[in-house]
Amino acid sequence: MLDVSEVRAGYGAINVLWDASLQFAPGRLTAIIGPNGAGKTTLLRAIMGLLPVTAGSIRLDGARIDGTATWRMPDLGVAMIPEGRMIFRDMTVEENLVMGAFPKAQRPHVKSRLEAAYAMFPRLAERRRQLAGSLSGGEAQMVAMARGLMPDPRILIVDEPSLGLAPIVVTELFAVLARLKAEGRTIVLVEQNTAQALAVADHVYLLQGGRVVLSQPAADVELDALHARYFAV
Ligand code: ATP
């Protein structure tokens with residue numbers, strides 16, 4: 001269980017998250033939604049140790065992980081697939097994937113993890129020697145996902161994977177998320193596409209102004225009411 005408890009975090013003097021509490025149950029897909037600037041990415045960065053947690057705590061199976069260096073997270077079984085993919089454009093698909101297994105403890109597993117990645121994303125197998133910069137947006141997102149999976153994380157944190165992708169590619173991407181969940185992984189998904197997120201999520205948190213304003217099983221969420229209340233322009 002990943003447990004975020006009353007966390008405050010932000011950028012220097014600017015605080016963004018205000019006592020945010022969220023629980024991510026094992027083997028479940030939890031979606032975090034909310035308007036632009038609500039603090040969703042900030043929350044993910046705080047979990048990954050990319051930002052200091054200035055109050056509250058983050059626990060993984062009871063042990064505190066806030067304050068843990070980001071580079072240690074893969075060895076703890078936590079991986080993040082960042083917004084905007086952040087793939088290495090001048091490296092091949094396979095070189096990008098190998099970078100995902102950079103921590104020393106992961107290196108002996110590179111071969112078997114590559115095989116698993118290509119089984120999950122056959123299109124990447126065909127393009128393993130292609131420069132990542134020449135991939136389509138959907139393929140680039142798949143590389144980012146596959147790279148994040150290289151340490152075989154139990155907890156996969158995915159930030160806005162569908163951004164800028166064609167509808168058919170988005171459908172494919174959500175099918176991959178469903179498969180990763182079926183493998184037993186815990187998935188934390190930040191997503192602008194609320195309808196699509198609700199369709200795959202078990203639980204939903206809504207952030208607004210850096211606060212958790214709604215926590216509900218996905219099946220109980222009424223999309224129209226939610227949009228009218230929180231996303232109306
Ligand atoms: P979006 O859906 O637009 O990605 P979000 O919910 O992920 O939004 P965040 O990216 O977490 O929101 O941003 C929350 C707030 O923090 C915003 O007001 C943003 O301007 C601010 N912020 C984000 N990054 C920085 C930074 N590097 N320095 C200062 N403020 C930042």
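Atoms within a ligand are numbered from 1 in the order they appear, just like the ligands themselves.
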Atoms of ligand 1 close to [X] [distance to a heavy atom under 4.0 angstrom, numbered from 1]:
| X | answer |
| --- | --- |
| Thr42 | 9 (P), 11 (O), 13 (O), 14 (C) |
| Glu160 | 2 (O) |
| Arg45 | 24 (N) |

Under 4.0 Å between a Lys/Arg side-chain N and an Asp/Glu carboxylate O for Glu183 and Arg179?
no
Lys40 bridged to Glu83 by N-O distance under 4.0 Å:
no
Gly39: heavy atom below 4.0 Å from ligand 1, yes or no?
yes
Tell me which protein heavy atom sits closest to [atom], plus the residue, atom name and distance to 0.1 Å.
| atom | answer |
| --- | --- |
| atom 3 (O) of ligand 1 | Asn36 ND2, 2.9 Å |
| atom 22 (N) of ligand 1 | Tyr11 CE1, 3.4 Å |
| atom 10 (O) of ligand 1 | Thr41 CB, 3.6 Å |

Rounded to the nearest 0.5 Å, what separation is found between the CD atom of Glu6 and the CG atom of Leu17?
13.0 Å
OH of Tyr205 to CG of Leu43: how many Å apart, nearest 0.5 Å?
10.5 Å
Under the 4.0 Å line, does any protein heavy atom show up next to atom 19 (C) of ligand 1?
no
Any non-hydrogen protein atom less than 4.0 Å away from atom 12 (O) of ligand 1:
yes
Stepwise side chain to side chain contact (heavy atoms under 4.5 Å, CB included) check, Leu2 with Gln23
CA-CA 6 Å; Leu2 178 62; Gln23 279 86 41; over 6 Å; no
Listed partners of Thr171 passing side chain to side chain contact (heavy atoms under 4.5 Å, CB included), at least two apart:
Gln196
Over 12 foreign heavy atoms within 6.0 Å of CZ, Arg128:
yes
I want to know if ligand 1 touches [X] in the polar sense, i.e. an N/O pair below 3.5 angstrom.
| X | answer |
| --- | --- |
| Ala38 | yes |
| Gly37 | yes |
| Ile14 | no |

With heavy atoms and a 4.0 Å threshold, my read on which part of Val16 contacts ligand 1 is side chain
Using a heavy-atom cut-off of under 4.0 Å, does the side chain or the backbone of Gln208 touch ligand 1, or both, or neither?
neither
Would you say the side-chain atoms of Thr30 pair up with the backbone N or O of His203, donor to acceptor, closer than 3.5 Å?
no
For Arg28, all residues meeting salt bridge (charged side-chain N to carboxylate O under 4.0 Å, His left out), sequence neighbours excluded:
none
